[in-house]
Asker: 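Following this message is one structure expressed as structure tokens.
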Amino acid sequence: MAFYFDEPSRTFNEYLLVPGHTPADCVPAAVSLKTPLVKYRKGQEECPLTLNVPMVSAIMAAVSDDKMAVALATEGGLSFIYGNQSIEDEAAMVARVKDYKAGFVTSDANLSPEMTLADVVELHEKFGHSTMPVTADGSAHGKLLGIVTERDYRLSRMSLDERVADFMTPREKLVVAQDGTTLKVANDIIWDHKLNSLPIVDANDCLVALVFRKDYDSHKSNPDEMLDAHKRYMVGAGINSRDYAERVPALVNAGADVLCIDSSEGYSDWQKLTIQWVREHYGDAVKIGAGNVVDAEGFRFLAEAGADFVKIGIGGGSICITRETKGIGRGQATATIEVAKARDEYFRETGIYVPICSDGGIVYDHHISLALAMGADFVMLGRYFARFDESPSAKVMVNGTYMKEYWGEGSARARNWGRYDLGGKKSLSFEEGVDSYVPYAGSLKDNMAITLLKLKSTMCNCGALTIPEFQDKAKLTLVSATSIVEGGAHDVLLKDKAPYASNTR
Ligand code: IMP
């Protein structure tokens, strides 16, 4: 006879936190958001890999490329570069993160001298940059011929077909620095010459990078940066349970700090075989997460198979239609609570703490607090990060509002059928995700600052200065459908129809 779970499975929206006592020293500035990323013998050793903030970006082409990875690592989280691309391309993205020198920017909006003011306007709209290098071939590392900034042109006075060569600031008038210049020296030159940007060139006068005055300032103010032992940004990478024998070595050689098997359903022999292969070839030196699961059995299976962390969630993602197409899944709150209990039980039995990640379905910022309170060690988000400047997807105008494109890995657009591995060759497939828009929300840094402040405030309301303390002290209550209405602004006429906290959704 089929097994029935007694209780309905629940979502984050059905829960609230009941505040506990807040001691006077429990203030947001004193909160630490450090959290383990991979398994360790808790109480006996330090976790070998910890996150400085409990947020990672989803293994999705619309979310996690090298640009996102650098931005998120700067704020203390971690990206998992999407695996639905060639092994070479994924490894190259990982390598770009590891080679990234903070403060040295490779321009993505470049001009050639034959281009026109119309091209400048178009690139400005597309990328939002006001400084564009001009190189002989229009590439990011071509021979430097000049620079165009907003000071070089006036749209009201010039015609759009004027050539870049005629209004750029030419090379001979530019202050440049040689490749190998440190960030400190580059910044001194910027200050001494009152510049906004400084091109770095090689011995052949080809452009290597740009250093911006504003970036130096922001670099100094990122105490949470996720850096490895060599002071390089840390990055994760998604893999699948088919081509791991080729993909894993390429990613490891490129410098990936942690891997994760990306699948909608992780309670399978294919995941076990993938983990086994990694252990046989790398021992514990390569860290590998697995998932997704939604119950204790699934967790135990992956923990016993040797997973370094386990991801939770089936069917809760914003772009996900797995529950509709296949009838599998579980409310994300219930799944998180049950898997957290299984993790604690496994720890009591073995002394090994296997961190768990709640993946998908985070809509409001406070859902992050709920997921952590329910026992998650960190959360994975797709839609949240897709809205930012740093995500790889296109920013488009829809009905007068800026949107970013966001599509599921199981959508017809992504065609990432390998994610749904059930062995054998696939001749037929069906969609488990949709293609969509999400409201454009600006920069990752600004949005994460608000999100993390909310999280820290909630933790203080519950009397917690660390995530483990929060998990220990949190008091969660189910809410009735009518009290959910009470929880929002109600019985008033809103002056501003836009969501009152646009960064929450
Ligand atoms: P979100 O943060 O609610 O947008 O959910 C992101 C998560 O949805 C990802 O981390 C994946 O676990 C999951 N996901 C990504 N693409 C698909 C899909 O096409 N179908 C189902 N789930 C997906």
Side-chain angles (χ1 to χ4, degrees), residues 65-67 69-71 73-74 92-124 126-153 162-220 222 225 227 230-233 235 254-255 389-390:
D65 67 350
D66 47 320
K67 191 171 171 193
V70 167
T74 306
M93 276 194 184
V94 168
R96 281 205 290 279
V97 179
K98 300 310 287 186
D99 290 343
Y100 183 84
K101 287 213 281 176
F104 291 82
V105 177
T106 297
S107 174
D108 43 14
N110 302 289
L111 300 165
S112 66
E114 305 78 40
M115 289 168 91
T116 62
L117 182 56
D119 297 315
V120 173
V121 172
E122 195 185 319
L123 283 176
H124 179 67
K126 185 165 172 210
F127 293 102
H129 307 320
S130 47
T131 301
M132 295 174 209
V134 184
T135 58
D137 61 359
S139 74
H141 299 299
K143 197 170 178 54
L144 184 65
L145 300 182
I147 260 193
V148 170
T149 73
E150 276 168 331
R151 283 189 228 154
D152 293 312
Y153 59 88
E162 253 181 79
R163 288 173 68 240
V164 163
D166 298 330
F167 62 88
M168 69 184 184
T169 303
R171 167 70 183 87
E172 56 275 18
K173 290 204 180 148
L174 293 176
V175 178
V176 302
Q178 289 301 310
D179 194 15
T181 304
T182 65
L183 190 57
K184 162 112 189 40
V185 171
N187 189 53
D188 289 344
I189 298 173
I190 285 175
W191 276 96
D192 291 347
H193 292 83
K194 297 187 172 32
L195 306 172
N196 281 325
S197 67
L198 176 72
I200 308 291
V201 293
D202 66 12
N204 299 318
D205 218 31
C206 288
L207 183 64
V208 174
L210 291 170
V211 177
F212 291 94
R213 173 193 293 254
K214 62 178 173 42
D215 282 357
Y216 183 77
D217 290 341
S218 71
H219 178 59
K220 278 197 304 185
N222 289 315
E225 282 179 326
L227 300 175
H230 305 286
K231 301 261 178 255
R232 300 175 306 179
Y233 282 121
V235 62
D389 288 319
E390 293 82 355

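One is the number of the first residue; the rest follow in order along the sequence.
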Asker: Using side chain to side chain donor-acceptor pair (under 3.5 Å) as the criterion, list what pairs up with Ser107, not counting sequence neighbours.
Answerer: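 In terms of side chain to side chain donor-acceptor pair (under 3.5 Å), with neighbours along the sequence ignored, Ser107 is linked to Asn110.
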Asker: The criterion is side chain to side chain donor-acceptor pair (under 3.5 Å); which residues satisfy it with Thr182, sequence neighbours excluded?
Answerer: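 Thr182 satisfies side chain to side chain donor-acceptor pair (under 3.5 Å) with no residue once adjacent residues are dropped.
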Asker: Let me have the donor-acceptor pairs involving side chains of residues 172-180, under 3.5 Å, with sequence neighbours excluded, atom names and distances please.
Answerer:
none

Asker: Taking all atoms of both residues into account, what is the closest heavy-atom pair of Met132 and His124, and its distance?
Answerer: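 Closest approach of Met132 to His124: CE-N, 3.5 Å.
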Asker: Can you tell me how far the NE2 atom of His129 sits from the CD atom of Glu150, to the nearest 0.5 Å?
Answerer: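 With rounding to 0.5 Å, NE2 (His129) is 12.5 Å from CD (Glu150).
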Asker: Identify, with sequence neighbours excluded, every residue that meets salt bridge (charged side-chain N to carboxylate O under 4.0 Å, His left out) alongside Asp108.
Answerer: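 Once residues adjacent in sequence are excluded, the partners of Asp108 under the salt bridge (charged side-chain N to carboxylate O under 4.0 Å, His left out) criterion are Lys67.
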Asker: How far does CG of Leu183 sit from CG of Leu198, to the nearest 0.5 angstrom?
Answerer: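 Leu183 CG to Leu198 CG: 10.5 Å, rounded to 0.5 Å.
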Asker: Run Val164 and Val120 through side-chain contact (heavy atoms from CB on, under 4.5 Å) and show every step you take.
Answerer: CA-CA 8 Å; Val164 163; Val120 173; 3.9 Å; yes
Asker: Which distance, rounded to the nearest 0.5 Å, do you find between the CG of Asp137 and the CG of Leu145?
Answerer: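 These two atoms lie 9.0 Å from each other.
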Asker: Name the orientation class of the two ring planes belonging to Phe167 and Tyr153 (parallel below 30°, tilted from 30 to 60°, perpendicular beyond 60°).
Answerer: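 Taking Tyr153 first and then Phe167, their aromatic rings stand perpendicular (interplane angle over 60°).
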Asker: Could you measure the distance from the OG1 atom of Thr74 to the CG atom of Asn222? Nearest 0.5 Å is fine.
Answerer: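 If I round to the nearest 0.5 Å, the distance is 6.0 Å.
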Asker: Nearest 0.5 angstrom please: Leu210 CG to Leu144 CG, how far?
Answerer: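 So the CG of Leu210 and the CG of Leu144 are separated by 8.5 Å.
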Asker: Is Lys143 reaching over with its side chain to a backbone N or O of Asn204, donor-acceptor style, under 3.5 angstrom?
Answerer: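 Yes; at least one donor-acceptor contact below 3.5 Å.
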Asker: For residues 186-203, pull every pair meeting salt bridge (Lys or Arg N to Asp or Glu O under 4.0 Å), keeping only residues two or more places apart or in separate chains.
Answerer: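 Non-adjacent pairs meeting salt bridge (Lys or Arg N to Asp or Glu O under 4.0 Å): Lys184-Asp188.
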Asker: If you compare all heavy atoms of Val208 against all heavy atoms of His141, which two are closest, and at what distance to 0.1 Å?
Answerer: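 Nearest heavy atoms, Val208 then His141: O-CE1, 3.0 Å.
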Asker: My understanding is that only residues two or more places apart in sequence, or in another chain, count here; which of them pass side chain to side chain donor-acceptor pair (under 3.5 Å) with Ser130?
Answerer: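 Applying side chain to side chain donor-acceptor pair (under 3.5 Å) to Ser130 gives none.
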Asker: What residues form a side chain to side chain donor-acceptor pair (under 3.5 Å) with Ser197, not counting sequence neighbours?
Answerer: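 Expected list: none.
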Asker: Going by side chain to side chain contact (heavy atoms under 4.5 Å, CB included), name the residues that satisfy it together with Asp66, two or more places apart in sequence or in a different chain.
Answerer: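 Met93, Arg96, Val97.
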Asker: For Thr116, enumerate each residue passing the side chain to side chain contact (heavy atoms under 4.5 Å, CB included) test, keeping only those at least two apart in sequence or located in another chain.
Answerer: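 Thr116: side chain to side chain contact (heavy atoms under 4.5 Å, CB included) contacts with Ala118, Asp119.
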Asker: Side chain to side chain contact (heavy atoms under 4.5 Å, CB included) with Glu122: which residues, sequence neighbours excluded?
Answerer: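 Partners of Glu122 under the side chain to side chain contact (heavy atoms under 4.5 Å, CB included) test: none.
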